[in-house]
**Student:** 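The structure that follows is given in the form of structure tokens.
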Protein chains: 2
Amino acid sequence: MTDGITAPGPIRHEVLAAVLRVRQGSLQVLLWERAREPHAHRWSLPGGALGVGEGVEASIRRQLAEKVDLGQVSHVEQLAVFSAPDRMPGDRVIASAFLCLVPEHLDPEVPADTGWHPVESPPDTAFDHGAIVLRARDRLRAKLSYTNIGFALAPPEFTISALREIYSGALGHRVSATNLQRVLSRRGLLEPTGRTTKPGRSGGRPAAEFRFAQDSVAVTDAFAVLRPPAAPR
Amino acid sequence: MTDGITAPGPIRHEVLAAVLRVRQGSLQVLLWERAREPHAHRWSLPGGALGVGEGVEASIRRQLAEKVDLGQVSHVEQLAVFSAPDRMPGDRVIASAFLCLVPEHLDPEVPADTGWHPVESPPDTAFDHGAIVLRARDRLRAKLSYTNIGFALAPPEFTISALREIYSGALGHRVSATNLQRVLSRRGLLEPTGRTTKPGRSGGRPAAEFRFAQDSVAVTDAFAVLRPPAAPR
DNA sequence: ACAAAAGTGTTCGTTGTACACCCATGC
DNA sequence: GCATGGGTGTACAACGAACACTTTTGT
């Protein structure tokens, strides 16, 4: 059982991040072009080997800090372990994959060989990284619906139509500003800053500015069904 | 093997399973009493070292088959990676944790030093295994609400009140048979077998028998909110 | 006849969507 | 004034919870 753990071969452990952001209404992922074999010139996720005294989340945060300023990553969460024996040629490598988010207003410096690519039509990906990106995308989409995770994609302050653009890009379909407003307000996720933004040259009513009430992820709509019976009163 | 203090060797990888079932309306987890140090006499999750040519899911299935007949495990899913450097004394060990379910009608043979314990009041647990059990419990509870995962806890055929007992035990609160029926039927998860069960000695109307329409896990209630706009017709 | 258990019908509140309408600004 | 974009009000349908009521059995 847990006694007698032996690792007969050199199993290595790496951490990988699917770093997502929304720009111009489209969901993008940060990819890095491999220079060397295997899979040279294919695009892969940022990450690397796990350090000895390091937990997986600390490791991915550290490794991202070497490319993206850590403060610019607004959310980090475990996605899954990818462990197929043949997922990489050569040595056995197990990957802990993460979903990371960058807010829309930030533009972290990234090395020359890395760039942002649309999640819906990514370039040739290395190893199983394409599957990881899809998992990240699906996880984000699901969580937009029942958590406040939108805060991690949005700038600190925003108008509803700017937020609509972000949600729309992340979800991959049109979102109504009216209903987005209502849903998020009803759940108490939004609070007005009190200020408004000036309309553009084409006129229009000035838009009210909002911010997210909380800046850490929380489940806002647990148990749609089969919830505990109401307390008698 | 070398369970004592050793020089910082290679990072090892283990797989652990929180195997859950419902019995007599209470959610139970399979735990094993450690014979040796560290954490002797504390209770730990079944699992063990990852084999060389083995993916993590294959590994946990194999290791469970050594204790529980594999056919009796009705569902296996990844929970998370536990990787805190000090999660176990001695060597560095990273754990991939799984949620596994056993249906109510099966009673797999387990070794003498393992047993089923109530999730709500578990005995002293070893290492971080207590936290893993809680994660498993929460994941199960959440998924009961938006997937058909109940099939993995229920026998192949059942009455609504038997199913109510199972859901109630797993969720930890009273569930109304009326509404459970309605919710699961509306989603198309239940189909009648056509047969009924005889009432007990105290009388009562015979209960109709049902089965789950699908025996693999599927999301049945995706996107409570922010769903794509209705297709025009 | 009565109790017990199962199942159905109905009401209610809440939620989310759709859509019409009003508001504030630039030109 | 009028176009434009922002915001609110309202109608509607779907869903789930609660509960009353009916159905079918055993004693």
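In what follows, chains are A, B, ... by sequence order, proteins preceding strands, each numbered from 1.
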**Student:** Looking just at side-chain N and O atoms, do A:His173 and A:Ser168 make a donor-acceptor pair shorter than 3.5 Å?
**Tutor:**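 Absent: no donor and acceptor within the cut-off.
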**Student:** Does any residue of residues 200-210 of chain B have a heavy atom under 4.0 Å from DNA chain D, and if so, which ones, in number order?
**Tutor:**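 Within this stretch, B:Gly200, B:Arg201, B:Gly203, B:Gly204, B:Arg205, B:Pro206 sit under 4.0 Å of the strand.
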**Student:** C:dG7, OP1 or OP2 - any side-chain N/O from B:Gln181 closer than 4.0 Å?
**Tutor:** no
**Student:** Would you kindly give the CG-to-C1' distance between B:Leu180 and C:dA5, to the nearest whole Å?
**Tutor:** 16 Å
**Student:** Is B:Ser44 close to B:Thr125 at the side-chain level, that is, under 4.5 Å between some pair of heavy atoms?
**Tutor:** no
**Student:** Looking only at the side chains, is there a donor atom on one of A:Ser59 and A:Gln63 sitting less than 3.5 Å from an acceptor on the other?
**Tutor:** yes
**Student:** Rounded to whole angstrom units, what separation is found between the OH atom of B:Tyr167 and the C1' atom of D:dG16?
**Tutor:**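 Those two atoms, OH and C1', are 15 Å apart.
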**Student:** Report the relative orientation of the aromatic rings in B:Phe151 and B:Phe212; use parallel for angles under 30°, tilted for 30 to 60°, perpendicular for over 60°.
**Tutor:**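 It falls in the perpendicular class, over 60°.
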**Student:** Tell me whether B:Arg139 contacts the main-chain N or O of B:Gln78 through its side chain, where contact means a donor paired with an acceptor under 3.5 Å.
**Tutor:** yes
**Student:** Using whole Å, report how far CG of B:Leu163 lies from P of C:dG7.
**Tutor:**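 For the pair B:Leu163 CG and C:dG7 P, the rounded distance is 12 Å.
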**Student:** Please determine, by modelled atom types, if A:Gln28 and A:Arg21 share a side-chain donor-acceptor pair under 3.5 angstrom.
**Tutor:** yes
**Student:** Using whole Å, what does the distance between atom P of nucleotide D:dG9 and atom CG of A:Asn179 come to?
**Tutor:** 15 Å
**Student:** Considering non-hydrogen atoms only, spot the tightest contact between A:Pro46 and A:Leu30 and give its length.
**Tutor:**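 Looks like CD-O, 3.4 Å.
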**Student:** Return the value, rounded to whole Å, for the distance between atom CZ of B:Arg227 and atom P of C:dT17.
**Tutor:**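 After rounding, the reported distance stands at 5 Å.
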**Student:** Please examine the side chains of A:Glu104 and A:Leu153, heavy atoms only from C-beta on, and report whether any two atoms are closer than 4.5 Å.
**Tutor:** no
**Student:** Between B:Ser216 and B:Asn148, which heavy-atom pair has the shortest distance, and what is it?
**Tutor:** O-ND2, 3.0 Å
**Student:** Identify, between B:Thr178 and B:Pro229, the residue whose nearest nucleotide on DNA chain C lies closer to the 5' end.
**Tutor:**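 Closest to the 5' end, via its nearest nucleotide, is B:Thr178.
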**Student:** Just to be sure I understand the rule, does B:Ser161 reach a base, reach only the sugar-phosphate, or reach nothing, if contact means heavy atoms closer than 4.0 Å?
**Tutor:**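 Sugar-phosphate, no base atom in range.
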**Student:** Given atom CZ of B:Arg164 and atom C1' of D:dA18, what is their separation to the nearest angstrom?
**Tutor:** 15 Å
**Student:** In residues 141-160 of chain B, which ones come under 4.0 Å of DNA chain D, going by heavy atoms?
**Tutor:** none
**Student:** Describe the nucleic acid contact of A:Arg187 in one word from base, sugar-phosphate, nothing, applying a heavy-atom distance below 4.0 Å.
**Tutor:**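 Since only primed, P, OP1 and OP2 atoms lie under 4.0 Å of A:Arg187, the category is sugar-phosphate.
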**Student:** Taking the minimum atom-to-atom distance to the side chain of A:Arg182, which one of D:dC19, C:dG16, D:dG9 wins?
**Tutor:** D:dG9
